[in-house]
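Since this is a predicted model, take the numbers as computed values, not measurements. Proteins come first, then strands; the chains are lettered A, B, ... in the order of their sequence lines, and each starts at number 1.
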Amino acid sequence: MPTYRDEAVVLRTHKLGEADRIVTMLSRQHGKIRAVAKGVRRTGSRFGARLEPFMVVDAQFYIGRSLDIVQQAESLGSYGADIVADYPSFTAANAMVEAADRLSDHDAGLQHYLLLVGALRSLAKGEHSPGLTLDSYLLRALSIAGWAPSFIDCAVTGAPGPHTAFVVQLGGVVADGVAPHGAPRLDPGTVRLLASLLAGEWEFAESADDRSKAQASGVVAAYTQFHLERGLRSLEHQDRTIA
Amino acid sequence: MYEGIVQELIDELGRLPGIGPKSAQRIAFHILQTQSFDTTRLAQILMDVREKVRFCSICGNVSEQDTCTICRDPRRNQAIICVVEEAKDVAAIERTREFRGLYHVLGGALSPIDGIGPNELRFTQLVQRLADAAVTEVIIATDPNLEGEATATYLSRLLVQPGLRVTRLASGLPVGGDLEYADEVTLGRAFEGRRVVEA
């Protein structure tokens, strides 16, 4: 029987038939996996709880004709319970897994997997505010996918910053000489915050003022939407209230 | 592929949830070949269900009148409301014969990834029902999965008001199962929700 085994984080699930689910996972070695988990919607299911979104599992799959089949699953990380206990964290985690799902359509490497697991773990532990964690995750995930934004040097000429004109289509901040007429200007604090989120400088990011955080979130959403070609549905429901 | 109306019947049946092409073909040929099968009655019921069935204006359950039979029943305990995701959950709870209160059907569970936020569910109607203080307990009976738990957490914070007890259905080990096969999440929940055994 052709089988394989991998560690994976559950991105989302869809109901299938009477009691089954199609589980979409981002795995460590096999990229994105879509597999059928049989009978997991029954209350007596042996591993239904392990195949909920945000769970990290060590799973064995049987290779099917169109979809693989989950044979066994052991949990490695259970972040769901802590995440759903806080609504802003729940909405942030949804946006993360939706982005991971979309970004892993064509290319899903180990870096994507480790980044997502780390972000979910951070959300579950409440290390940083959910909004900042989400923005940082999106910037880094897009960078891994090859769309790294520039928040210091000019994205076009490479001229050393700081610059304040931000053009999504050009890949970040640009020097005044190449900025299109009417290009939006960001507050210097916002640009610094965005650079911190991309680099993971949490001390600075946490200390940023609310205006900079709100402006940075808008920039991240616009940048994400541009590169994913359509927006993330979860972002519309993002709860930015402070928990 | 079959000709004309037979293929149309198979196609229409195949659009129903849980019915694949093979099942659709089997049902279509059962209808064609079984003389005793009353197609007129089936067609009439399908028409009636669309025309007559609506959602209860109070609880959101399916009903043939403006309000459902449960909301109209004066013998039900008006002080307790059980919140469920779907109308079919009402039927599941009614089968237990353990609950004699009223229901509130949310119409789903919070799922931002599917575009379902608080505004898409019947939260506002629930808060309005609690305004007159006649209700003393709300039982949250959303599904014991991630979306259901998120909905329960959201509701529990939304419904904080004096004199109102908000409870959640217990979850844990299924009756008739073996402990060794329980997953750690379910077993953990069972430990959290353990209760004193009466002597």
Part of Arg42(A) within contact of chain B (heavy atom distance under 4.5 Å): neither
Rounded distance (nearest 0.5 Å) linking atom CD1 of Ile113(B) with atom CG of Leu232(A): 8.5 Å
Residue Ile116(B) versus chain A: region with a heavy atom under 4.5 Å: backbone
Salt-bridge present (Asp143(B), Arg41(A); N to O < 4.0 Å): no
Nearest heavy-atom neighbours spanning Pro118(B) and Tyr87(A): CD-OH, 3.2 Å
Heavy-atom closest pair, residues Val185(B) and Ala49(A): CB-CB, 3.8 Å
Nearest-0.5 Å distance that lies between atom CG in Leu146(B) and atom CZ in Phe90(A): 5.5 Å
Atom CD1 of Ile5(B): over 12 foreign heavy atoms under 6.0 Å: no
Contact summary for Thr153(B) and Ala85(A), nearest pair of heavy atoms: CG2-O, 3.5 Å
Max heavy-atom pair count under 4.5 Å with chain B, selected residue of Ser75(A), Ala81(A), Ser78(A): Ser75(A)
Residues, nucleotides or ligands: over 12 heavy atoms within 6.0 Å of Phe55(B) CZ: no
Arg72(B), CZ atom: more than 12 neighbouring heavy atoms under 6.0 Å: yes
Most chain A-contacting option - heavy-atom pairs closer than 4.5 Å, from Glu184(B), Arg157(B), Glu147(B), Glu149(B): Glu184(B)
Distance (rounded to the nearest 0.5 Å) between Thr91(A) OG1 and Leu110(B) CG: 10.0 Å
Heavy-atom pairs under 4.5 Å with chain B, option from Arg50(A), Glu236(A), Met55(A) with the top count: Arg50(A)
Among Arg233(A), Arg12(A), His237(A), His14(A), the one residue meeting side-chain hydrogen bond (donor to acceptor under 3.5 Å, both in side chains) with Asp114(B): Arg12(A)
Gln169(A) atom CD, over 12 foreign heavy atoms within 6.0 Å: yes
Residues, nucleotides or ligands: over 12 heavy atoms within 6.0 Å of Gln111(A) CD: no
Segment of Glu120(B) engaging chain A (4.5 angstrom heavy-atom cut-off): side chain
